[in-house]
**Q** 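Starting off with a structure, shown below.
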Amino acid sequence: MSHNNQFSWRLNTRLRITIFLLSIFLLLTYQIFTVDNDDLDKPEQWWSNTSNSLESIDTDITNFTELTDVNDTTDTNDITDTINNNYIGKIVETNNDITETGKAVDTGDLNNTQSTNKIDFLDVINKVSYLPKIQSDPINFFETPEEKALRESRRESVKQGFLHAWNGYVNYAWGSDELLPITNSSSNNYNGWGATMVDALDTMWIMDLKDEFKNATNYIANVDFTWSKNDISIFETTIRYLGGLLSAYELSGDEMLLQKAKDLGEAMIPAFNSPTGIPYNTWNLTKGLTANGYQPYYSMGILSQAGTLLLEYTKLAQLTGISSYFDKVQLVTDVLDKAKKSIPGFYPLFVSQTSGQFTNDEINFGGMGDSFYEYLIKEYIYIGGAIDQYRRMYEESIDSMSKYLIKKGQVKAYPDLLFLGSYSHGSFVARMEHLACFVPGMLAIGSKTLDRPKDLELAIELAETCFWAYNSTTTGIGPESFSFFVKGDPIDKNKLKMLATQWNNKLLLYGVYQMNGNYLLRPETIESLFILYRVTGDKSYQEKGWEIWQAIETWCKTQTAYSGLRNVAGPNIVQNDNMESFFFAETLKYLYLLFSEPDVISLDNYVFNTESHPFLRMLPNYN
Ligand code: DMJ
């Protein structure tokens with residue numbers, strides 16, 4: 001058993017005993033004073049009845065956070081987005097907070113994780129202001145009639161690609177989460193709610209595929225998002241389903257989608273009931289609402305998973321008027337902000353939900369860290385700079401990233417290429433992940449928003465590296481990760497030889513060794529090319545995106561859809577029979593937008609969640 005496992009096992013045992021004793025006490029109180037037995041069969045009623053019964057006990061369990069009940073409205077303010085004329089929602093203030101139940105209770109040291117200056121959501125709304133423009137001046141997007149025709153034909157090619165993949169899903173996997181595009185079977189890794197369908201909704205709307213959109217929403221109308229057979233990932237469910245439903249609602253105005261988002265968002269709320277408010281990684285929606293002391297599978301909190309619920313729950317608060325959705329995610333930010341760090345702005349990958357402290361020293365802008373940093377700047381942009389904490393946290397992180405994690409490599413033909421590595425056990429790790437290729441896009445929007453011109457320079461250089469990684473393989477598609485030699489370090493010839501024999505790479509990858517050659521149809525490089533195109537107006541980003549799309553067409557297309565690859569370099573390129581739902585949500589959407597007019601989903605009006613679901617940004621003067 002690893003150290004971490006032993007630790008969580010011990011913690012688990014301690015938690016279980018505490019919870020068992022507490023449950024007996026709660027159950028007795030509950031049965032004696034309040035509950036009509038019929039209600040036990042009805043999760044929602046059970047929730048509200050029991051919560052009242054626990055009010056007196058709550059003072060003893062100081063770490064309980066609050067959930068505001070929208071039905072207990074005492075004051076509402078209609079808020080209208082005056083510029084886009086979009087209905088924003090009602091902000092509800094209430095004196096009648098309901099305390100949640102079914103929590104993991106811990107009596108550990110929580111003092112330094114409590115949010116001392118609770119930020120009021122109404123205050124946030126009132127402090128929204130205009131931020132500097134992100135997109136380049138319209139004049140920089142000028143095109144000749146020939147250029148326009150070419151761009152439009154490329155956009156049409158991407159749309160046809162989307163339809164090819166979508167039809168495969170419709171014919172062979174309708175209602176399932178994902179299509180397996182070679183065997184034409186399906187998989188259900190996201191609770192079988194139809195992940196591909198929900199992830200694809202807003203892309204269909206943007207591509208003007210309204211019939212396909214309607215067929216999908218007809219199906220989704222009958223999906224029960226309050227139930228789960230097994231434990232679900234809170235992170236994946238939030239970014240794919242909740243984000244997809246919210247964004248499709250904002251684009252289409254279909255109220256059913258907002259209702260589904262609310263059902264799902266609400267059903268996941270108990271997963272935040274850890275001692276600190278840092279959510280559990282997984283949660284069983286059904287068991288989590290029953291009275292018999294359900295405990296989630298307990299494992300250490302993961303930075304990107306805990307920190308990437310912000311946009312979705314803030315948007316849910318905005319659209320429903322239930323401010324406590326925002327409180328939940330703001331508390332997570334506060335806990336992470338206050339936790340001890342050895343380098344300012346560097347947030348380690350694992351955090352204890354019990355103590356609110358980090359438990360290792362690994363820093364990564366790739367897997368397990370990535371979207372936490374992404375959401376700092378995106379939340380700031382989304383709420384029009386209303387909470388300065390997000391600017392501060394983001395700037396600290398980017399300053400440290402630039403200082404410690406960016407290194408020049410030793411690629412012979414491109415000696416100036418910059419690489420983004422990570423940090424572990426006190427040392428720099430010279431390995432770059434495909435996932436980290438979202439960073440150029442993040443830097444570019446941050447640079448414009450916060451007037452940090454150097455960040456744009458870095459963004460442009462890192463995007464070059466990400467594209468170079470694509471351009472250097474035999475397929476023209478970038479690998480999942482690779483290790484590189486840092487400038488000045490001795491080159492180990494054996495390592496180079498290993499790469500050559502392993503991948504039979506005929507192109508020059510000098511300076512790089514050891515690749516994980518998988519390609520999962522990931523979007524990050526295309527995402528950064530799209531954002532840089534919108535930020536600079538430089539058409540070379542469209543050329544690069546087009547090259548990548550051609551490579552995907554060549555290597556990933558199957559008879560029925562598109563498949564990921566097992567290796568992006570080598571004599572035999574093998575497909576992996578998998579098509580992630582994010583191919584529809586992100587990869588194809590970013591490509592389509594790269595070839596659209598710049599005012600289609602403008603970065604000055606929208607902010608993308610990490611799954612590329614566009615959310616309307618808040619604007620000032622709602623009232
Ligand atoms: C997506 O699910 C999201 O972008 C997430 O933040 C990490 N990466 C995958 C796609 O690669």
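Just so you know, ligand 1 is whichever comes first in the structure, and atom 1 is the first atom listed for that ligand.
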**Q** Going by the order shown, which atoms of ligand 1 are within less than 4.0 Å of some heavy atom of F582?
**A**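 Those qualifying, in numeric order: 1 (C), 2 (O), 9 (C), 10 (C), 11 (O).
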
**Q** Just need the protein heavy atom nearest to atom 6 (O) of ligand 1, so name the residue and atom and give the distance.
**A**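 Looking only at protein heavy atoms, the one closest to atom 6 (O) of ligand 1 is T610 OG1, 2.6 Å.
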
**Q** Looking at F467, is K544 sitting on its ring face, NZ or CZ under 6.0 Å from the six-membered ring centre and within 45 degrees of the normal?
**A**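 Yes, a cation-pi geometry holds between K544 and F467.
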
**Q** Backbone, side chain, both or neither: what part of I239 comes under 4.0 angstrom of ligand 1, heavy atoms only?
**A**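 Answer for I239: side chain.
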
**Q** Which of these, N576, T558, N578, sits in a side chain to side chain donor-acceptor pair (under 3.5 Å) with S563?
**A**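 Of N576, T558, N578, side chain to side chain donor-acceptor pair (under 3.5 Å) with S563 is met by N576 alone.
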
**Q** If we only count N/O pairs under 3.5 Å, is E374 in contact with ligand 1?
**A**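 The answer is no, given that E374 and ligand 1 share no N or O pair closer than 3.5 Å.
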
**Q** For atom 1 (C) of ligand 1, which protein heavy atom lies nearest, and how many Å away is it?
**A**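 The closest heavy atom on the protein side is E586 OE2, 3.0 Å.
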
**Q** Record the part of E524 in heavy-atom contact with ligand 1 below 4.0 Å; permitted values are side chain, backbone, both and neither.
**A**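 For E524, only side-chain atoms sit under 4.0 Å from ligand 1.
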
**Q** To the nearest 0.5 Å, what is the distance between CD1 on I552 and CG on L565?
**A**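 One finds 9.0 Å between CD1 of I552 and CG of L565.
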
**Q** Are any of the N/O atoms in D370 less than 3.5 Å from those in ligand 1?
**A**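 Between D370 and ligand 1 (N or O atoms, distance only) the closest approach is not under 3.5 Å.
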
**Q** Hey, does L591 have a side-chain heavy atom less than 4.5 Å from the side chain of I548?
**A**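 I548 vs L591: side chains apart.
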
**Q** Which residue in the set K315, H613, Q318 passes side chain to side chain donor-acceptor pair (under 3.5 Å) when paired with E250?
**A**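 Exactly one pass, corresponding to K315.
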
**Q** Which atoms from ligand 1 have a heavy atom of L435 less than 4.0 Å away?
**A**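 Once the distances to L435 are compared, the set is 7 (C), 8 (N), 11 (O).
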
**Q** Under 3.5 Å, N or O to N or O, is E611 touching ligand 1 that way?
**A**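 It does: an N or O of E611 is found under 3.5 Å from an N or O of ligand 1.
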
**Q** Looking at P523, which atoms of ligand 1 are within less than 4.0 Å of one of its heavy atoms?
**A**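 Answer, ordered by atom number: 10 (C), 11 (O).
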
